[in-house]
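Treat the numbers as computed from the prediction; the structure is a model and nothing was measured. First listed ligand is number 1; within each ligand, the first listed atom is number 1.
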Amino acid sequence: MISLNDIEGPLGVRISGCDLSRSVDDADFRVIHEAFLGRHVVSLAGQRLTPEQLIDFSRRLGPLEPHILAQHHLAGYPEIIVLSNIVENGQPLGLADAGTYWHSDISYKARPSRTTVLYALEVPAEGGDTLFANLEAAYQGLSAPMKDRLDGLQAIHNYAYRHDRLACETGIRSPLTAAQLAETPAVTHPIVRTHPETGRKALYINPGFTMGIEGLAEPEGKSLMQELFDHCLKPEYCYRYHWEQGDVVFWDNASVMHSATTQTLDPGKRRLIWRTIVSGEEPV
Ligand code: SIN
């Protein structure tokens, strides 16, 4: 039988008694979905999934979209992008430096991802954790004058802003192609978004893809962004998730941001994760 335990901290729920390799019945799915809306990050341990089963479950959460870096799709399954630091026969198994900075998935598109699903096939006993910050709680924790100041402001998000910096810093990534650049022009989103299902407000900016604030001069925009990032990353809003093999974790990109920590992972410690991205709606 399905059972739920809140993770101690500002977000997260562990669900047991649910085997995602079988079709989840509607009653159990409703329980999972309610927990997702309330706790933002859901973890289901001990799964053994084929690509089809991961895709089937992810589709219950919404339509899937292939990631822009098609070179890292799982062969035959464009819905799955492989995240991995493993190199076999001189070939990387996947994207080694995915999300090693605070971000909200696909915030650089007009319709960002609503939900991200990760399935851990191989993870180290130590390291390779994923960090989360609860941006609804962070919004609630702002002063009234700051909430007034943010009301109506739009932030500018862009993929190349981060990708090109990583390409220079790590040398792992190749520059974006002309087609990839054309697919990712800068977009704007409200700094405070209203959740499409619960109606609750959350901050919606992230150090990864937010490059400025519309209508503010660059120094003023950067200084406001930094103040908000420092606020969101206070320990009371953050949680560090430690992976076990077989974990499926999915989260709500409308209410949390996250960061991988693989930039500090010993390259000898193998990590292999499959990820699907569930489409979302335009933030309002
Ligand atoms: C991601 O940003 O989706 C990757 C997170 C991780 O690998 O820990």
Min N/O separation [X] to ligand 1 under 3.5 Å:
X      : value
Arg275 : yes
Thr130 : yes
His258 : yes
Thr261 : no
Ser259 : no

Counting each atom of ligand 1 from 1 as listed, which ones have a heavy atom of [X] under 4.0 Å away?
X      : value
Leu83  : 4 (C), 7 (O)
His103 : 2 (O)
Gly99  : 2 (O)

| task | Report the nearest protein non-hydrogen atom to atom 5 (C) of ligand 1: residue, atom name, distance rounded to 0.1 Å. | result |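 The closest heavy atom on the protein side is Ala260 CB, 3.8 Å.
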Polar side chain donor-acceptor pair, [X] to [Y], under 3.5 angstrom:
X      : Y      : answer
Asn206 : Tyr101 : no
Ser3   : Ser16  : yes
Asn253 : Ser113 : yes
His258 : His103 : yes
Thr115 : Trp251 : no

| field | Minimum side-chain heavy-atom gap Glu227-Asp230 below 4.5 Å | value |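 Contact flag for Glu227/Asp230 side chains = no.
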| Which one holds for Arg271 and ligand 1: side chain close, backbone close, both close, or neither close, with close meaning a heavy atom under 4.0 Å? |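 Only the side chain of Arg271 comes within reach of ligand 1.
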| task | Establish, for the pair Arg240 and Phe132, whether the NZ or CZ atom is under 6.0 angstrom from the six-membered ring centre and no further than 45 degrees off its axis. | result |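 Here Arg240 fails the 6.0 Å and 45° test against Phe132.
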